[in-house]
Colleague: 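One structure is given below, represented as structure tokens, and several questions about it will come after.
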Amino acid sequence: MKRRDFLKIAGAVSVAGCAATTPSKARVVVIGGGYGGATAAKYIRMWDPAIDVVMVERESAFISCPLSNLVLGGSKSLDDLTRSRDGLRKYGVQLVNDDATMVDATKKVVRLARGGDLAYQRLIVSPGIDFLFNEVEGYETAMNSGRVLHAWKAGAQTVELRKQLVAMKDGGVYVLAIPTAPYRCPPGPYERVCQVAHYFRQAKPRSKILLLDANPDVTSKGPLFKRAWEELYKGIIEYRPNQKAIGVDAAAMAVKLEFENVSGDVLNVVPPHRAGDIAVKAGLITHNNRWCDVDWRTLESKAVKGVHVLGDATLSASGMPKSGHMANSQAKVCAAAVIALLNGREPSVNPVMNNTCYSFVSDREVIHVASVHQWDAAQGTIIPVKGAGGVSSARSEQEAAYGWSWARNIWADMLA
Ligand SMILES: Cc1cc2nc3c(=O)[nH]c(=O)nc-3n(C[C@H](O)[C@H](O)[C@H](O)COP(=O)(O)OP(=O)(O)OC[C@H]3O[C@@H](n4cnc5c(N)ncnc54)[C@H](O)[C@@H]3O)c2cc1C
């Protein structure tokens, strides 16, 4: 944390061992400065400047997972997807570059790794995902050896996977194994093989891609992806549904399936996910040891009062993808609800959220899926609105322009 930031929030942070001081104004603490957390922090300050907002984020800069597959394809670098969070300061969001290690919901404090507690009236937790490494035998050993990567959080692993693809011999095999849904970004794996195939077609035309999908079929934009594989990458991508990775052997460079082992030159195994670690520590997990159920009108946790959960960490409602766009949309519903609750008003009884996801099937052509989700009082949950949304009729360069506009707009919406 920089000195000036520390001074700004000094009233809320106590030295280790002392109790957190009670803030004089209403204070919201946000854990996580990604698609959900940064949006919520900014919108609370924009819509009610009387509320103090402190956002705790462990990483120094924001790196977007959306578009990170283009780094693997070679048309973009990680720098193209990296943004500063400093723009949030002009809205009065107080940024703390630290790790939130514990939440005490009774005392209403968040503990920081570098020492000190942050007191809150309402807490918003948007930590993204962590991985269930132990569900894939041998995974941690393989990952620690550097020979098997997931690259499912944009950053160092994305760059390393690109290096492995570049170093791979022409005629080699890249294996991507993906877990059973729900996982972060349903179309992400299918976009990833398009990007790698795009690179192979140009640089290593004898190479192959094996996509091992634990799901029975492509989980998003299926016909559009399959058409791209057939028309753009025929003979490069082999798609195998119902193939769940249960282990990895880094020494043999093999992925273990139920009935066989599959070997490759680059192994990209994405383990099953759950809500980020802090959600576990805060007692927010309600479902299957993985996800956090919320009241979709406020995003308030069903397990811990006064704590709201956003984004990938939530137990997704029917038809709701784990996406950056969805986290951004949830964050606005949550921001409005938190402001209402802190001001003694009823939150909206009819929240609406939406999603759009653009997938780059090459460096120039894109497909999209869109959906709208609305609170249904009879069912007591949020459901897809019939007839709203849909998918592209065909891949196109025009949609690539829309895809880049989407990225620039959503990064500005959350950070600038
Ligand atoms: C390859 C790929 C492609 C994708 N493509 C798209 C796409 O095209 N469109 C789309 O909408 N979505 C896409 N996604 C999904 C999108 O990235 C996620 O759904 C989105 O990031 C979820 O937002 P979030 O706020 O839940 O989590 P995140 O954006 O991951 O933010 C969580 C933040 O919390 C921080 N954090 C976690 N725990 C702590 C702690 N204890 N203390 C401090 N900080 C903490 C993390 O450092 C992180 O910055 C893609 C994902 C991948 C992997």
Side-chain angles (χ1 to χ4, degrees), residues 29-41 55-73 81 83 85 95-103 110-114 118 124-131 150-155 157-158 161 176 178 182-195 220-221 268 270 273 275-282 291-292 299 309-314 316 320-331 334 354-360 366-371 403-404 406-407 410-411 414-415:
V29 172
V30 179
I31 301 177
Y35 279 89
T39 309
M55 192 179 87
V56 184
E57 166 58 53
R58 64 161 73 103
E59 302 294 342
S60 54
F62 167 79
I63 306 177
S64 174
C65 282
L67 303 178
S68 65
N69 284 327
L70 300 189
V71 177
L72 305 178
L81 316 176
R83 294 289 180 276
R85 293 188 177 86
L95 306 182
V96 178
N97 186 201
D98 205 343
D99 212 312
T101 55
M102 197 272 291
V103 173
V110 174
R111 179 140 303 159
L112 301 174
R114 291 182 207 158
L118 284 171
I124 298 176
V125 180
S126 190
I129 52 149
D130 277 304
F131 298 100
H150 53 75
W152 216 242
K153 290 185 183 186
Q157 285 211 7
T158 316
L161 182 56
L176 172 60
I178 58 168
Y183 58 87
R184 158 177 276 189
C185 191
Y190 314 110
E191 179 190 60
R192 179 166 289 189
V193 292
C194 288
Q195 285 301 312
S220 176
K221 299 178 249 192
N268 180 191
V270 182
H273 323 337
D277 286 344
I278 191 67
V280 180
K281 292 179 190 159
W291 308 115
C292 310
L299 283 292
V309 187
L310 302 178
D312 290 356
T314 57
S316 305
M320 179 184 272
K322 293 189 183 300
S323 77
H325 191 116
M326 181 51 78
N328 169 276
S329 195
Q330 291 170 0
C334 178
N354 61 82
N355 181 63
T356 308
C357 177
Y358 292 94
S359 299
F360 281 72
V366 164
I367 55 180
H368 85 270
V369 60
S371 55
W404 276 105
W406 172 86
I410 200 163
W411 295 339
M414 57 192 280
L415 298 171

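Counting starts at 1 for both ligands and their atoms, following the listed order.
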Colleague: Report yes if Gly324 has an N/O atom closer than 3.5 Å to an N/O atom of ligand 1; otherwise report no.
Modeller: yes
Colleague: Which ligand 1 atoms does Ala327 reach within 4.0 Å, using its non-hydrogen atoms?
Modeller: 23 (O)
Colleague: Measure the distance from atom 34 (O) of ligand 1 to every protein heavy atom, then report the residue, atom name and distance (to 0.1 Å) of the closest one.
Modeller: Gly32 CA, 3.2 Å
Colleague: Is it the case that ligand 1 has an N or O less than 3.5 angstrom from some N or O of Glu59?
Modeller: no
Colleague: Just need the protein heavy atom nearest to atom 21 (O) of ligand 1, so name the residue and atom and give the distance.
Modeller: Tyr35 CD1, 3.4 Å
Colleague: Under 4.0 Å, heavy-atom basis, I'd like to know which part of Tyr358 is in contact with ligand 1: side chain, backbone, both or neither.
Modeller: backbone
Colleague: Give me the residue, atom name and distance of the protein heavy atom closest to atom 28 (P) of ligand 1.
Modeller: Arg184 NH2, 3.6 Å
Colleague: Distance from Arg184 atom CZ to His150 atom NE2, nearest 0.5 Å?
Modeller: 10.0 Å
Colleague: Check the angle between the aromatic planes of His325 and Trp406 and answer parallel, tilted or perpendicular using the 30° and 60° thresholds.
Modeller: parallel
Colleague: Would you say His325 has any N or O atom under 3.5 Å from an N or O of ligand 1, going by distance alone?
Modeller: yes
Colleague: Where on Ala154 is there a heavy atom closer than 4.0 Å to ligand 1, on the side chain, on the backbone, on both, or on neither?
Modeller: neither
Colleague: How far apart are the C-alpha atoms of Lys322 and Cys185, what are their side-chain angles, what is the distance that settles it, and do they pass the side-chain contact (heavy atoms from CB on, under 4.5 Å) test?
Modeller: CA-CA 5 Å; Lys322 293 189 183 300; Cys185 191; over 6 Å; no
Colleague: How far is atom 6 (C) of ligand 1 from its nearest protein heavy atom, and which residue and atom name does that atom have?
Modeller: Pro66 CG, 3.3 Å
Colleague: Distance to 0.1 Å, residue and atom name: give those for the protein heavy atom nearest to atom 4 (C) of ligand 1.
Modeller: Cys185 SG, 3.4 Å
Colleague: Would you mind telling me if ligand 1 is within reach of the side chain of Ala100, the backbone, both or neither, using heavy atoms under 4.0 Å?
Modeller: both
Colleague: Run the numbers for me: atoms of ligand 1, each under 4.0 Å from some heavy atom of Asn69, listed by number.
Modeller: 1 (C)
Colleague: Check whether any side-chain N or O of Asp98 sits under 3.5 Å from a backbone N or O of Val56 as a donor-acceptor pair, and report yes or no.
Modeller: no
Colleague: Going by heavy atoms, is Gly276 under 4.0 Å from ligand 1?
Modeller: no
Colleague: If you look at every heavy atom in Ala370 and His368, which pair is closest and at what distance?
Modeller: N-CD2, 4.0 Å
Colleague: Roughly how far, to the nearest 0.5 Å, is OH of Tyr190 from CD1 of Ile367?
Modeller: 12.0 Å
Colleague: Just which atoms of ligand 1 are under 4.0 Å from any heavy atom in Arg85?
Modeller: 49 (O)
Colleague: Starting at CD of Glu191, measure out to SG of Cys357 and round the result to the nearest 0.5 Å.
Modeller: 7.0 Å
Colleague: Using a 4.0 Å cut-off to any heavy atom of Cys357, which atoms of ligand 1 qualify?
Modeller: 7 (C), 8 (O), 9 (N)
Colleague: Starting from atom 37 (C) of ligand 1, what is the nearest protein heavy atom, named by residue and atom, and what distance separates them?
Modeller: Pro127 O, 3.4 Å
Colleague: Among all the protein's non-hydrogen atoms, which is closest to atom 3 (C) of ligand 1, and how far away is it?
Modeller: Cys65 O, 3.5 Å
Colleague: With backbone taken as N, CA, C and O and side chain as the heavy atoms from C-beta onward, which portion of Gln330 lies under 4.0 Å from ligand 1: side chain, backbone, both, or neither?
Modeller: neither
Colleague: Could you pull out the closest heavy-atom pair between Leu310 and Gly36, with the gap in Å?
Modeller: CD1-O, 3.6 Å
Colleague: Of the backbone atoms (N, CA, C, O) and the side-chain heavy atoms from C-beta on, which set of Asp99 has a member under 4.0 Å from an atom of ligand 1: side chain, backbone, both, or neither?
Modeller: both
Colleague: When you compare ligand 1 with Trp406, is there at least one nitrogen or oxygen pair between them that comes in under 3.5 angstrom?
Modeller: no
Colleague: Please list, in number order, the atoms of ligand 1 under 4.0 Å from a heavy atom of Ser68.
Modeller: 1 (C)
Colleague: Strictly distance-based, threshold 3.5 Å: is any side-chain N or O of Ser68 a donor or acceptor partner for the main-chain N or O of Cys65?
Modeller: yes
Colleague: Quiz question: by atom type and distance under 3.5 Å, do the side chains of Ser323 and Tyr35 form a donor-acceptor pair?
Modeller: no
Colleague: With respect to atom 48 (C) of ligand 1, which of Met326, Lys153, Glu57, Glu191 exhibits the smallest heavy-atom separation?
Modeller: Glu57
Colleague: May I ask whether Asp98 places a heavy atom under 4.0 Å from ligand 1?
Modeller: yes
Colleague: State, yes or no, whether a side-chain contact exists between Ile129 and Tyr183 at a heavy-atom distance under 4.5 Å.
Modeller: no
Colleague: Would Ser126 count as a contact of ligand 1 if the rule is a heavy atom under 4.0 Å away?
Modeller: yes
Colleague: Answer yes when Lys153 and Asp130 have at least one side-chain N-carboxylate O distance shorter than 4.0 Å, and no when they do not.
Modeller: yes
Colleague: Which atom names give the shortest non-hydrogen contact between Val369 and Ser220, and what distance separates them?
Modeller: CG1-OG, 4.2 Å
Colleague: Check step by step if side-chain contact (heavy atoms from CB on, under 4.5 Å) holds for Tyr358 and Trp404.
Modeller: CA-CA 9 Å; Tyr358 292 94; Trp404 276 105; over 6 Å; no
Colleague: Please write down residue, atom name and distance for the protein heavy atom closest to atom 39 (C) of ligand 1.
Modeller: Arg58 NH2, 3.4 Å
Colleague: Can Arg192 and Leu176 be said to form a side-chain contact (heavy atoms from CB on, under 4.5 Å), step by step?
Modeller: CA-CA 9 Å; Arg192 179 166 289 189; Leu176 172 60; 4.1 Å; yes
Colleague: Does ligand 1 come near enough to Gly36 that some N or O of the ligand is less than 3.5 Å from an N or O of the residue?
Modeller: yes
Colleague: Pull out every atom of ligand 1 sitting under 4.0 Å from any heavy atom of Gly311, numbered as shown with elements.
Modeller: 26 (O)
Colleague: Give the atoms of ligand 1, by number and element, whose distance to some non-hydrogen atom of Lys322 is under 4.0 Å.
Modeller: 19 (O)
Colleague: Return a yes/no value for Trp152: is any of its N or O atoms, backbone included, closer than 3.5 angstrom to an N or O of ligand 1?
Modeller: no
Colleague: Touching ligand 1 at all, His150? Heavy atoms, strictly under 4.0 Å?
Modeller: no
Colleague: When you look at Val29 and Ile124, which way does the side-chain contact (heavy atoms from CB on, under 4.5 Å) test go after all the steps?
Modeller: CA-CA 6 Å; Val29 172; Ile124 298 176; over 6 Å; no
Colleague: I want to check something: taking the side chain as every heavy atom from C-beta on, are Leu161 and Leu72 in contact at a cut-off of under 4.5 Å?
Modeller: yes
Colleague: Could you tell me if Gln195 and Asn69 have a donor-acceptor pair between their side chains, going purely by distance under 3.5 Å?
Modeller: no
Colleague: Please could you name the atoms of ligand 1 that Val56 approaches to less than 4.0 Å, counting only its heavy atoms?
Modeller: 43 (C), 44 (N)
